[in-house]
Amino acid sequence: MDLQLKGKSALVFGGSRGLGRAIAAELAREGARVVIVSRNEAALRQTADATGCLPLAGDLSAPGAGGELVRAASTLLDRPVDILVTNTGGPPTGSFQATDAAAWTKGFQGLWMSTVDSIQAVLPAMKANRWGRILAVTSVAAKEPQPGLVISNGLRAGLLGMLNTLSREVAAAGITVNALLPGYTNTDRMAELGVDNATMGPKIPAGRLGEPEEFAALAAFLASTRASYITGQAIAVDGGLLHSI
Ligand SMILES: NC(=O)c1ccc[n+]([C@@H]2O[C@H](COP(=O)([O-])OP(=O)(O)OC[C@H]3O[C@@H](n4cnc5c(N)ncnc54)[C@H](OP(=O)(O)O)[C@@H]3O)[C@@H](O)[C@H]2O)c1
């Protein structure tokens, strides 16, 4: 299937490693011009060289960063962003009682405001072009809270409500807005949480963790022209982990 991504421009946050890197690589392979963002400049450059993407260093936990990075990416690309993939590092783990106001504020900036700011910044050009794709990488935690991840569980569930609301506002302008919900997928984040096939495999119907490329395949499709009638959805790539229908 030709995804008709040639000539499209994309901005992928958290693109140096893990899920973001896999999405950026897939979009670039399909012919899009892709800018990737992360904090560590050496890792970012290495990934950019390996995938044919353009590097743009930035920290999404800084106030206003989402919008600033969209504007910087448009300058690098010399055109507006057609495809925005919001994604960043997972917030700190912890129970409700162990989480203080500072941790909530940091989590809100990184997960929530960077998403809002960057979407606000891409919308005017997407509306003018009557074409746009907004993909938000969230988590299965948005639908089924996971133990010890109170910030992720709380904020990501709210994001789904916000994204669905937006999807209805912009659908007639040719812009789709979808959330992707990774299940347990083989990245540095899983190593950080101490999760591997031995500990988690038996709890997943597929019997194993997913691979970033399996997740990126859905992202590339949803980013494509072929997915023009799919919007407002929250789709899990989780090997059957979520029980809800
Ligand atoms: N992997 C999974 O199984 C899984 C499951 C559910 C949900 N998720 C969520 O999906 C997202 C991506 O997961 P992942 O596994 O790909 O994580 P990862 O392997 O840790 O990669 C995170 C990426 O985001 C970048 N990043 C982190 N903080 C950033 C910041 N403040 N500003 C800019 N870039 C930042 C990292 O680069 P730098 O550190 O250099 O900035 C890296 O490129 C996370 O929010 C995670 O919680 C993952």
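Atoms within each ligand, like the ligands themselves, are counted from 1 in listed order.
For W104, there are no ring pair (Phe, Tyr, Trp, His ring centres under 6.0 Å) partners two or more places apart in sequence or in a different chain.
In the hydrophobic cluster analysis, where Ile, Leu, Val, Met, Phe, Trp and Tyr join through side-chain heavy atoms closer than 4.5 angstrom, L218 is grouped apart from L241.
Taking each heavy atom of L84 and V122 in turn, the nearest pair found is CD2-CG2, 3.9 Å.
The pair E68-R71 does not count as a salt bridge, with every side-chain nitrogen at least 4.0 angstrom from each carboxylate oxygen. No salt bridge links R21 with E26; every basic N to acidic carboxylate O contact stays at or beyond 4.0 Å.
Side-chain atoms of N186 never come within 3.5 Å of backbone atoms of E211 as a donor-acceptor pair (strictly under, hydrogens ignored).
The 4.0 Å heavy-atom shell around ligand 1 contains residues G14, G15, S16, R17, G18, L19, S38, R39, N40, G58, D59, L60, S61, N87, T88, G89, G90, V137, T138, S139, R156, P182, G183, Y184, T185, T187, D188, R189, M190, ordered by chain and number.
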